[in-house]
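Here is the structure we will look at.
Values reported hereafter were calculated over all heavy atoms of this structure, with side chains retained and with hydrogens, waters and symmetry mates removed. Residue numbers begin at 1 in each chain, while the letters A, B, ... track the order of the sequences.
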2 protein chains.
Amino acid sequence: MASEKKEARLRGRPSGKRPARSSSAASSTAPAVASTGKRTTIMDVAREAGVDFSTVSLALRKDPRIRTETRERIEAAAKKIGYYPNRLARSLSGGATRVIGVMLTEMSRFFATPLEEFQRVGEAAGYTLSVHFSWWDMERERKGMQQFCENCVEGVIWAPDVFDTSLRETATLLHNAGIPAVLLGLIHDDDTRTVPCHQIGIDIRSGLRLGLEHLLSLGHRRIAIATAAGMEGKRGDMFQLRLRILRELFSELGLPLADADTFLATDHEHGGIEIAMQLARRPRADWPTAIFAAEDSLARGLAKSLHALGINIPGDISLLGYHVGSDELMGPVPLTTVSLESGNFATRAIDLLIGLMRKKTPAIPHQIITVPSTIIERESCASPG
Amino acid sequence: MASEKKEARLRGRPSGKRPARSSSAASSTAPAVASTGKRTTIMDVAREAGVDFSTVSLALRKDPRIRTETRERIEAAAKKIGYYPNRLARSLSGGATRVIGVMLTEMSRFFATPLEEFQRVGEAAGYTLSVHFSWWDMERERKGMQQFCENCVEGVIWAPDVFDTSLRETATLLHNAGIPAVLLGLIHDDDTRTVPCHQIGIDIRSGLRLGLEHLLSLGHRRIAIATAAGMEGKRGDMFQLRLRILRELFSELGLPLADADTFLATDHEHGGIEIAMQLARRPRADWPTAIFAAEDSLARGLAKSLHALGINIPGDISLLGYHVGSDELMGPVPLTTVSLESGNFATRAIDLLIGLMRKKTPAIPHQIITVPSTIIERESCASPG
DNA sequence: CGACTCTGTCCAAGCAAATTG
DNA sequence: ACAATTTGCTTGGACAGAGTC
């Protein structure tokens with residue numbers, strides 16, 4: 001019986017397949033699956049090299065127990081028959097799938113750079129990305145997370161965009177599955193803090209406040225707001241939120257804010273021209289001395305438009321941007337802007353996650369990191385007059 | 001010996017774990033992994049329900065061989081101890097991973113809608129997305145595809161953006177692995193056609209030609225071009241290409257094209273204002289009667305800018321857009337545009353791929369589908385004068 | 001010469017499910 | 001409803017054979 005078993009091991013699978021030698025007439029790049037319909041396995045390599053299949057496993061992962069000469073022979077055999085490992089089997093046995101789950105609400109421009117960043121850092125650390133969109137449907141999000149668990153992802157990055165009570169349940173789901181997770185990009189109000197999950201968030205209020213204080217310190221007293229609060233959908237909600245916070249900050253700081261100085265565009269990308277024209281039609285004496293555009297793409301469009309209309313930045317008017325993504329185009333005037341500190345917050349998120357995945361013990365007291373904003377002074381803001 | 005084996009089966013794993021009953025004091029949502037560090041398996045459910053683990057396997061997939069009563073008992077037990085299946089094991093045994101690999105060059109705005117579309121259609125068909133970016137690095141692309149193979153994805157969608165000889169090798173790699181693939185969005189010149197892979201592509205030339213012919217048929221004889229050929233990077237290359245083709249088409253159609261009527265912006269999103277201002281500064285007699293903006297985002301910005309400057313579309317000038325993605329915002333004037341036929345070409349790609357994955361035999365003669373363009377007539381184009 | 005490391009290789013028990021008799 | 005087998009790989013331990021004291 002023992003010999004029969006050994007025989008089976010050498011044959012690989014029980015099907016009466018011809019020994020590999022017979023394929024020596026084939027081209028050097030063996031069409032592993034396409035012809036036979038069966039993927040080549042470690043057993044095929046073992047047969048080809050004349051060793052036990054476990055030796056192949058050890059050799060291919062450069063285990064010191066295998067002599068160099070033997071290893072090279074095995075590697076040659078593997079290459080010859082076009083073998084590559086089956087990660088499913090490897091993961092099932094070894095535990096690590098090397099997959100990170102990424103749960104986003106939608107593929108907005110806002111997440112483009114973060115997503116690339118997850119890939120860049122993840123790839124360097126040997127991870128692959130599994131991406132899922134929820135479209136703000138919490139049930140879809142939960143199901144996606146469930147799939148992440150079933151697929152044994154090793155970590156999850158998660159940007160739900162808005163607070164919802166279901167976040168707590170989802171976080172618990174992940175926690176029970178032993179999967180470290182990083183919640184990305186929420187504002188850190190009290191509700192958010194109760195979600196039991198590591199968090200990297202943005203403090204919109206303090207960023208906007210920083211911007212206003214910067215303009216105040218330059219001597220501006222009549223500051224206008226430009227935002228795309230007229231946009232539809234969730235994106236518009238975010239601009240609405242910024243507008244609301246800005247209004248609160250104006251009153252906190254004792255600044256007046258005329259309705260005429262609250263410019264609401266319907267589109268953050270192409271809305272700049274509307275605002276520029278509104279401004280241009282007014283008598284110069286009735287201009288604010290600075291505009292705080294609560295989104296960089298709007299600020300860039302505004303800069304281009306003002307420039308095209310012959311309005312000088314910052315000579316005639318100062319322009320301050322605000323952004324939470326990464327820097328992009330400069331436009332006609334290098335834009336002074338409120339920016340997240342220490343580069344990209346997406347990088348911090350993926351770095352944190354990879355750290356959590358490495359040490360198997362997920363620190364129970366969840367880190368809640370608020371990425372502070374900073375002013376990047378370029379050329380679009382100056383003192384008035 | 002047999003009884004010993006049975007004992008092992010019932011115990012599940014060899015570690016001297018306490019029977020599940022002892023956890024009955026725990027909360028209803030059992031913290032499966034978080035406490036023990038071990039995931040609950042089908043064996044745990046079996047022990048809880050007092051049946052064999054294979055019975056659990058059958059019951060959870062509603063096999064008719066299992067009595068309803070037993071099944072319900074098993075389902076209750078599974079729920080109680082927080083069991084969910086391990087797809088790794090399921091895939092290893094059953095073959096289907098239900099994962100689609102998506103290989104993109106970068107997370108540009110261009111791919112946002114397609115990516116969401118892959119998720120939407122894929123999710124409906126029970127698939128999950130594994131996303132990888134190559135950043136035009138063909139070696140990185142090859143490695144990513146290799147990983148897709150190792151991870152046993154069931155299909156690949158692939159948008160390399162530019163033709164490269166390595167595409168042939170990569171296609172062969174996938175073919176040898178028996179993984180159906182759809183190559184997305186290349187122009188179908190002769191080089192592209194030699195890549196042994198199903199393809200869904202865009203015929204830029206015929207789309208642009210259609211646009212020009214539409215303007216001609218409306219009576220326009222002096223047509224301007226607007227494109228963001230001044231942009232940097234790969235995106236700029238694409239606009240350069242459109243510009244080159246447009247120039248060729250002008251000469252083929254015997255149309256004059258003055259340099260003054262070739263508007264080159266440096267930014268497709270905020271470039272509209274520059275062009276609008278250039279136009280506004282000219283005497284009215286020196287205007288073209290129509291502008292063909294070779295990218296919808298540029299066209300929208302241009303529409304907004306012209307509108308803001310008091311220039312009437314299409315009364316004063318007609319504006320024709322061009323796009324290969326999905327429709328977005330309308331702007332001040334609903335834009336007449338050259339669009340891909342039958343909706344979204346991304347949908348066609350994912351539909352094709354899912355079809356290929358279903359029938360295991362990948363049709364050897366590769367389909368090369370060129371998605372034709374069509375004119376969507378809205379309100380921004382009219383006859384001149 | 002036997003007890004002793006080493007080495008290089010092999011064995012078999014896993015991993016968590018599906019499948020089939 | 002159960003038992004046995006299968007999937008492809010990892011891994012700790014077993015086990016020869018060579019080298020050392």
Is any side-chain N or O of [X] closer than 4.0 Å to OP1 or OP2 of [N]?
{"X": "B:Ser57", "N": "C:dA18", "value": "yes"}
{"X": "A:Arg39", "N": "D:dG8", "value": "no"}
{"X": "A:Tyr84", "N": "D:dG8", "value": "no"}
{"X": "B:Arg87", "N": "C:dA16", "value": "no"}

Compare the minimum distances between each of [options] and the side chain of [X], then state the nucleotide with the smallest one.
{"X": "A:Thr41", "options": "C:dA16, D:dG8, D:dA1", "answer": "D:dG8"}
{"X": "B:Phe53", "options": "C:dT19, C:dA17, C:dC10", "answer": "C:dA17"}
{"X": "B:Ile42", "options": "C:dA17, C:dT19, D:dT11", "answer": "C:dA17"}

*Atom of B:Ala77, atom of B:Glu48 and distance for their closest heavy-atom approach*: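 Scanning both residues completely, I find the closest heavy atoms to be CB-CG, 3.5 Å.
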Rounded to whole angstrom units, what separation is found between the [atom1] atom of [X] and the [atom2] atom of [N]?
{"X": "A:Asn86", "N": "D:dT7", "atom1": "CG", "atom2": "P", "value": "12 Å"}
{"X": "A:Ile74", "N": "D:dC9", "atom1": "CD1", "atom2": "P", "value": "14 Å"}
{"X": "A:Arg71", "N": "C:dG8", "atom1": "CZ", "atom2": "C1'", "value": "14 Å"}
{"X": "B:Asp52", "N": "D:dA1", "atom1": "CG", "atom2": "P", "value": "11 Å"}
{"X": "B:Glu72", "N": "D:dA1", "atom1": "CD", "atom2": "P", "value": "12 Å"}
{"X": "B:Leu88", "N": "D:dC9", "atom1": "CG", "atom2": "P", "value": "14 Å"}
{"X": "B:Asp63", "N": "C:dA18", "atom1": "CG", "atom2": "C1'", "value": "11 Å"}

*Check against salt bridge (Lys or Arg N to Asp or Glu O under 4.0 Å), B:Arg140 and A:Glu123*: CA-CA 10 Å; B:Arg140 173 174 268 119; A:Glu123 180 184 342; 3.0 Å; yes
Once hydrogens and angles are ignored, does a donor-acceptor distance under 3.5 Å link the base of [N] to the side chain of [X]?
{"X": "A:Ser93", "N": "D:dG8", "value": "no"}
{"X": "B:Arg65", "N": "C:dG21", "value": "yes"}
{"X": "A:Arg90", "N": "C:dG14", "value": "no"}
{"X": "A:Ser54", "N": "C:dC11", "value": "yes"}

*For B:Leu92 and for B:Thr55, find the nucleotide of DNA chain D with the closest heavy atom, then tell me which residue's nucleotide is more 5'.*
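Counting from the 5' end, the first nearest nucleotide belongs to B:Thr55.
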*Look at atom CD of B:Glu139 and say whether more than 12 heavy atoms of other residues, nucleotides or ligands are closer to it than 6.0 Å.*
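Yes, the 6.0 Å shell around CD holds more than 12 heavy atoms from other groups.
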*Audit row: B:His198, B:Leu356, side-chain contact (heavy atoms from CB on, under 4.5 Å) steps and yes/no*: CA-CA 10 Å; B:His198 297 275; B:Leu356 290 169; 3.5 Å; yes
*Can you tell me how far CD1 of A:Ile42 sits from CG of A:Leu58, rounded to the nearest 0.5 angstrom?*
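Answer rounded to 0.5 Å: 8.5 Å.
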